[in-house]
Structure formats: C-alpha cells, structure tokens
Asks: 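The structure follows.
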Amino acid sequence: MTDLVVPAPGLPTVPTATGGRFPVRRIHCVGRNYAAHAREMGHDPDREPPFFFGKPADAIVTDGRDTGYPTLTEQLEYEVELVVALGAGGQDVAVADALDLVWGYAVGIDLTRRDLQAEAKRLGRPWDLAKGFDHSAPIGTVVPAGSVDPTTGGITLHVDGELRQSGDLADQIWSVAETIAALSRAVRLEAGDLLFTGTPDGVGPVSRGSVLRGTIDGVGTVETRIV
C-alpha cells in the first residue's frame, strides 16, 4: 500500500510446532476460570458467568525472550494459562462446534500489574492498563489441536525453580468449548485470535531477575526472565 501516512506496524506472530508462525489478530482473556483462583481473589465462582478482557496483540513475548519489568507498578504478578489459537472464526458459535475453530494450543503467562488492578477496582474504573500493557503476554510454541486434549492435563508454574502454581485443566469452570462459544456471542471471532483461558490458584509477585517457567502436560512450556 502506498497511501499510508505512517509506516504500518509489524504483525505479531507466535512460533508453532509445524515450523511456521501463527499471526496474532487479537488477544482475548477469560477471568477467574478456576474455582480456587476465584476464591483467592475474593469471589464466588458459583455466581458469575464467564467474563472477558483483552490485551494488545503486540503484548506477546515469544521465543523465550526476556520480559521487561513494566512501569507504574510495584506488584507484578504471574498467571499461567492454557492459550487457544483460533484457525477459523465465527459468531454465535455453538458449544458443539467451538473446537472446530481451534488451530492449536500453547502455554502462556498473563502478567498483571496487580496494584493497578486493585486501585482500578476500588475506584470502579476499567482495569485495562493492569492487564493490557507492553510485554504482558509471554507465550510458548503453538502445537496443533489434534495432539492436545484441552479438558485435562497438569498445569504448573515455577519461579526460579520453585513451584508456585499447580492445577489441572479439568479444574476449569468453563471448558475451552464453552468459553469460545460464550465469547463468540459478544464479538465475532476470527483466525489469528488467541484466547487465554484462566489460571489456577497460587498467583503471586515476581521481581527483576525472576525466571518464570510455565508447563502444561501435552502442550509444552513457556519460559521468560523478568529484567
């Protein structure tokens, strides 16, 4: 194109197990999708439907790169999550058809400026900047959907070799299929969308120099160092 008034931004991409790169259109995240995590955050998991927030597509950190400690926070926290990579789109998708949209799965870490989030909640303001800041979405390699059962499998996060989070995908309140279907009623989904599906309990703070390693059985790992 020759009519752009400024240079076009680059397309964020994630490595895949097939050797190519997965292009990222949008990042959607579902909140409080594990009962124990909902309780540790002070909420009743039996009383709310799934809700969603977003991150910029270029918030991803890939290929094991370091992650810069963000500005405006003294409480950066980790949340390890199963990430769903969509290879097709749709709106008002039925639960029975939802997994047909999935190209693959990866391990991701939803980094959160928890002090900003708490202040926004206290003031009744949006907490976009608590979740959607630069480099807030480290992600590993996307593996094809056919090799993964998204309904079960251990999910863990270690900080400097110490186990901090441990759960199972079976503990999700809303399955991957149910989450995709619910989100598709709010926005039209498209190929290139990523969906972070929630985290087990055990979230906590990290500091500069911390090495984070998230693992999901049958999916893989994500690793990054906070600098």
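Position 1 is the first residue of the sequence, and the numbers go up from there.
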Asks: Looking at Glu74 and Arg114, does any basic side-chain N land under 4.0 Å from a carboxylate oxygen?
Replies: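 Not counted as a salt bridge, because no side-chain N and carboxylate O are separated by less than 4.0 Å.
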Asks: Given the rule that I, L, V, M, F, W and Y join up when any side-chain heavy atoms are under 4.5 Å apart, are Leu194 and Phe52 in one cluster?
Replies: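 In one cluster: no.
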Asks: In terms of side-chain geometry, is the basic nitrogen of Asp66 or Arg225 positioned less than 4.0 Å from the acidic oxygen of its partner?
Replies: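 A salt bridge is present here (some side-chain N lies under 4.0 Å from a carboxylate O).
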Asks: Among Leu183, Val95, Asn33, which residue satisfies the side chain to side chain contact (heavy atoms under 4.5 Å, CB included) criterion with Glu178?
Replies: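 When side chain to side chain contact (heavy atoms under 4.5 Å, CB included) is applied between Glu178 and each of Leu183, Val95, Asn33, only Val95 qualifies.
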Asks: Can you find a pair of side-chain heavy atoms, one from Trp103 and one from Val84, that are under 4.5 Å apart?
Replies: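 A side-chain contact is absent here, since even the closest heavy-atom pair is not under 4.5 Å.
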Asks: Mind listing the closest non-hydrogen atom pair of Ala17 and Val143 along with its distance?
Replies: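 It is CB-CG1, 4.0 Å.
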Asks: When rounded to the nearest 0.5 angstrom, what distance separates CD1 in Ile109 from OG1 in Thr67?
Replies: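 Rounded to the nearest 0.5 Å, the CD1-OG1 separation comes out at 7.5 Å.
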Asks: Does a side-chain N-to-carboxylate-O contact under 4.0 Å join Arg25 and Asp193?
Replies: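 Judged by the 4.0 Å cut-off on N to carboxylate O distance, Arg25 and Asp193 do form a salt bridge.
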Asks: I'd like to check Asp134 versus Pro70 (side-chain heavy atoms, cut-off strictly below 4.5 Å). Are they in contact?
Replies: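 Side chain of Asp134 against side chain of Pro70, heavy atoms only: no contact under 4.5 Å found.
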Asks: Checking Asp217 side chain against Gly154 main chain: does a donor-acceptor pair fall under 3.5 Å?
Replies: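 Looks like yes, one N/O pair under 3.5 Å.
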Asks: Distance check, rounded to the nearest 0.5 Å: Trp174 atom CH2 versus Ile180 atom CD1?
Replies: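 Between atom CH2 of Trp174 and atom CD1 of Ile180 there are 14.5 Å.
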Asks: Any side-chain heavy atom of Phe22 within less than 4.5 Å of one from Ile139?
Replies: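 Phe22 does not reach Ile139 side chain to side chain.
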Asks: When hydrophobic residues are tied together by side-chain contacts of less than 4.5 Å, even through go-betweens, does Val187 share a cluster with Val176?
Replies: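 Yes: a chain of side-chain contacts under 4.5 Å links Val187 to Val176.
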Asks: Verify the distance criterion only: is there a donor paired with an acceptor across the side chains of Thr73 and Asp115 at less than 3.5 Å?
Replies: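 Per modelled atom types, Thr73 and Asp115 side chains form a pair under 3.5 Å.
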Asks: Please give me the minimum heavy-atom distance between Ile226 and Ser207, naming the atom from each residue.
Replies: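 For Ile226 and Ser207, the tightest heavy-atom pair comes out as CB-O, 3.6 Å.
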Asks: What are the two closest non-hydrogen atoms of Gly140 and Ala106, and how far apart are they?
Replies: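 Heavy atoms only, the tightest pair is O-CB, 4.1 Å.
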Asks: Tell me which one of Lys131, Gln117, Gln75 satisfies side chain to side chain donor-acceptor pair (under 3.5 Å) with Thr112.
Replies: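 Result for side chain to side chain donor-acceptor pair (under 3.5 Å) with Thr112: Lys131.
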Asks: Given side chains that start at C-beta, do those of Tyr34 and Ile155 come closer than 4.5 Å, heavy atoms only?
Replies: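 SC-SC contact between Tyr34 and Ile155 confirmed.
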Asks: Are Leu116 and Trp127 connected, step by step, through hydrophobic side chains (Ile, Leu, Val, Met, Phe, Trp, Tyr) whose heavy atoms are closer than 4.5 Å?
Replies: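 Different clusters: Leu116 never reaches Trp127 through Ile, Leu, Val, Met, Phe, Trp or Tyr contacts under 4.5 Å.
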Asks: Honestly curious: do Val30 and Leu86 fall in one hydrophobic cluster under the side-chain, below-4.5 Å linking rule?
Replies: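 Per the 4.5 Å side-chain linkage, Val30 and Leu86 are co-clustered.
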Asks: With a cut-off of 6.0 Å (strictly less than), are more than 12 heavy atoms of other residues, nucleotides or ligands near CZ of Arg21?
Replies: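 Result for CZ/Arg21: enclosed.
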Asks: Does a side-chain heavy-atom distance below 4.5 Å link Cys29 with Leu195?
Replies: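 Side-chain contact under 4.5 Å: no.
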Asks: Taking NZ, NE, NH1 and NH2 as the nitrogens, is one of them in Glu190 or Arg188 under 4.0 Å from a carboxylate oxygen of the other?
Replies: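 Arg188 and Glu190: salt-bridged.
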Asks: Looking at CG of Asp92 and OG of Ser184, how far apart are the two atoms once the value is rounded to the nearest 0.5 Å?
Replies: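 The OG atom of Ser184 is 6.0 Å from CG of Asp92, to the nearest 0.5 Å.
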Asks: Taking all non-hydrogen atoms of both residues, which atom of Ile60 and which atom of Pro12 are closest, and how far apart?
Replies: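 Here Ile60 and Pro12 meet closest at CD1-CB, 3.8 Å.
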Asks: Just so I know, are the side chains of Asp128 and Phe53 near enough to count as touching, which here means a heavy-atom distance under 4.5 Å?
Replies: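 With C-beta onward as the side chain, the pair stays apart.
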Asks: Pair Glu162, Arg164 - check salt bridge (Lys or Arg N to Asp or Glu O under 4.0 Å), show working.
Replies: CA-CA 6 Å; Glu162 178 183 347; Arg164 297 288 183 85; 3.7 Å; yes
Asks: I'd like to know if the side chain of Thr197 reaches the main chain of Leu82, judged simply by a donor and an acceptor atom lying under 3.5 Å from each other, with no hydrogens or angles considered.
Replies: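 Yes; judged by distance alone, with no hydrogens or angles, the pair exists.
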Asks: Same cluster or not: Val107 versus Val148, using hydrophobic residues (I, L, V, M, F, W, Y) connected whenever any side-chain heavy atoms lie under 4.5 Å apart?
Replies: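 Yes; Val148 is reachable from Val107 via cluster members.
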Asks: For the residue pair Leu189 and Gln91, establish whether any side-chain heavy-atom pair is separated by less than 4.5 Å.
Replies: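 Answer no - side chains too far apart.
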Asks: So, taking the atom named CD1 in Ile27 and the one named CZ in Phe196, what distance separates them when rounded to the nearest 0.5 Å?
Replies: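 Answer for the CD1-CZ pair, Ile27 versus Phe196, is 5.5 Å.
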Asks: Against Thr156, only a single residue in Ile216, Val80, Thr215, Asp168 fulfils side chain to side chain contact (heavy atoms under 4.5 Å, CB included); can you say which?
Replies: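 Testing each of Ile216, Val80, Thr215, Asp168 against Thr156, the sole residue satisfying side chain to side chain contact (heavy atoms under 4.5 Å, CB included) is Thr215.
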Asks: How long is the gap from OG on Ser136 to CG on Leu76, to the nearest 0.5 Å?
Replies: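 Rounded to the nearest 0.5 Å, the OG-CG separation comes out at 9.5 Å.
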Asks: Nearest 0.5 angstrom please: Arg113 CZ to Leu72 CG, how far?
Replies: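 Atom-to-atom, Arg113:CZ and Leu72:CG are 5.0 Å apart.
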Asks: Give a yes or no on whether His135 atom NE2 has more than 12 heavy-atom contacts from other residues, nucleotides or ligands under 6.0 Å away.
Replies: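 Not more than 12 within 6.0 Å, no.
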Asks: Check step by step if side chain to side chain contact (heavy atoms under 4.5 Å, CB included) holds for Val211 and Glu223.
Replies: CA-CA 7 Å; Val211 175; Glu223 185 168 320; 3.8 Å; yes
Asks: So which heavy atom on Gly90 is nearest to which on Val93, and how close?
Replies: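 Smallest heavy-atom distance, with atoms named: C-CG2, 3.8 Å.
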Asks: What is the minimum heavy-atom distance between Tyr78 and Leu212, and which atoms define it?
Replies: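 Heavy atoms only, the tightest pair is CB-CD2, 3.8 Å.
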Asks: Going by atom types alone, do Gln165 and Thr199 pair a side-chain donor with an acceptor below 3.5 Å?
Replies: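 A donor-acceptor contact under 3.5 Å links the two side chains.
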Asks: Are Thr151 and Leu169 packed together at the side-chain level, in the sense that at least one heavy-atom pair is separated by less than 4.5 angstrom?
Replies: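 The answer is no, as the side chains (C-beta and beyond) never meet within the 4.5 Å cut-off.
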